[in-house]
Amino acid sequence: MTPYSIFLIFLYFIVLVFLLPALSGGKIYSLYNYRSDIENRIIEDTKQEFRKVGSIHHLGNLSMEESIYYHEQQLKGTVDHLIVVLAKSPRNEKHHVLTQLATEVDANVRSVSVSKGMSSGMFICNTSQHEFTELDILSRYYPVLTTSNNASSKHFNKEDIKRRDFLGCLGLAREVSVARYMTIIWDVVVPYPGFLRTLGALLSTRINCSIRRGELVPVNKDWLYLSLHEPVASRGFGSNLASFHELIVMALFGMILFYLIFLVLEPGQTSSTRVLYCFYGILYFITLSLIIGRPYLTELRRLSPTLFRVYQQQEPTYVSAITVPTANSRELTGLLQQTRCSSYSPFHHVLDRISNTLEKRILLVSPSLVRYVVQDL
């Protein structure tokens, strides 16, 4: 064995026993996670406070007259993408969750319209039956429309209220503007920065078209809606092709990296030594992938929209943010109006059945374009 191979064995032991536990011990999806639920909650509360301060600062830098005029003008014309912020929960006012959501959408709409030339619009859809001080403040900056659904929760269960709220906001979206796509976002999540730019790229190059020989070619993918939040159950390594492909990519990257490094360090190495170094590269990177967890490995896809994965939903999942093609919205609305939801037939299960009825797929994006910021749902 060469001195380098002995060193790699020793280094592997150091990395496995000392370095990785120190670096990934605080990651909730890591094999070395040591944080308790209380510690994780404190960290999430700190992030929540940071986002709250940032959203309030964003509002402070806006002119009320300019902001409301800008968004109302956007709604008057035809837009490529219409974002609907569904406001429902005044109980989250202390964290300014709705403000976080609205300001992040506002920032995305403005940046995409300037840098990408994609016209976008937004409005807040009020479905709350209670006094909503935070919404009153936001109405000075953004268009706020109220649904005609005045049903009390005493007469309708939670799941059916969700269905009625969705129908009301979808109807308002079709009335207020002409858009190619409509995205409904519930006030329990906040989008990642740049989510609209990524979403636009996915729609234009991954879902409705594909790149073949450097050219965009339209593809016939009939889909009902795209969910912007990937369920936790789908994020880990499992017995599926996607997990296998990701591990293969990491193994190949490790093999090539180690080969190049030791080609420089040891130019006169034999072929068997090269194979040994390549094996170490595979071992190191497979170990790294399995220990830190697939959710953190998947985060590398955020480097470029072309790396994001779009796949078909295999089982019903909760919806928190979905993109609906306007062309399909009337069919979806018609079937939802004929259906009732309950604790035995939740809203997301009803959507799944409708997709089967219409023979249109429900798509998921990985990694998620939005994140939950409300802990107690």
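Just so you know, these numbers use all the heavy atoms, side chains as well, and skip hydrogens, waters and symmetry mates.
In this structure, the side chains of Phe285 and Leu257 come closer than 4.5 Å at one or more pairs of heavy atoms. Inter-residue side-chain proximity for Gln312 and Leu364 is flagged as unmet; no heavy-atom pair is nearer than 4.5 Å. Taking the side chain as every heavy atom from C-beta outward, Thr127 and Leu86 approach each other to under 4.5 Å. Residues Ile362 and Trp223 have side chains not in contact (no heavy-atom distance under 4.5 Å, counting atoms from C-beta outward).
No donor-acceptor distance shorter than 3.5 angstrom exists from the side chain of Asp187 to the backbone of Leu98, with no hydrogens or angles considered. For Ser243 (side chain) and Gly238 (main-chain N/O), a donor-acceptor pair under 3.5 Å exists by modelled atom type.
Of the N and O atoms on the side chains of Thr99 and Glu134, at least one donor lies less than 3.5 Å from an acceptor on the other residue. Residues Tyr181 and Asp80 bring no donor and acceptor atom of their side chains to less than 3.5 Å of each other. Side chain to side chain, Thr287 and Tyr12 meet the donor-acceptor criterion of an N or O pair below 3.5 Å. No side-chain N or O of Asp45 forms a donor-acceptor pair with one of His95 less than 3.5 Å apart. Remark: the Gln337 side chain and the Thr333 side chain contain no N/O donor-acceptor pair separated by less than 3.5 Å. Under 3.5 Å, the side chains of Ser30 and Ser24 contain a donor-acceptor pair of N or O atoms.
The side-chain tip of Arg110 points at the ring of Tyr70 from less than 6.0 angstrom away and within 45° of straight on. Taking the ring axis of Tyr192 as reference, the NZ or CZ atom of Arg302 stays within 45° of it and closer than 6.0 Å to the ring centre. Note that Arg309 lies in the cation-pi zone of Tyr311, set by a 6.0 Å cut-off to the ring centre and a 45° limit from the axis.
Tyr34 and Leu19 fall into different hydrophobic clusters, where Ile, Leu, Val, Met, Phe, Trp and Tyr residues are linked whenever their side-chain heavy atoms come under 4.5 Å apart, directly or through other members. Connection of Ile248 to Ile291 is established within a shared hydrophobic cluster, with ILVMFWY side chains joined at heavy-atom distances below 4.5 Å, either directly or through further cluster members.
We find that Glu65 and Arg140 are not joined by a salt bridge, their nearest charged nitrogen and carboxylate oxygen being 4.0 Å or further apart. A salt bridge does not link Asp165 to Lys162: none of the charged side-chain nitrogens sits closer than 4.0 Å to a carboxylate oxygen.
Around CZ of Arg353, the count of heavy atoms belonging to other residues, nucleotides or ligands within 6.0 Å exceeds 12.
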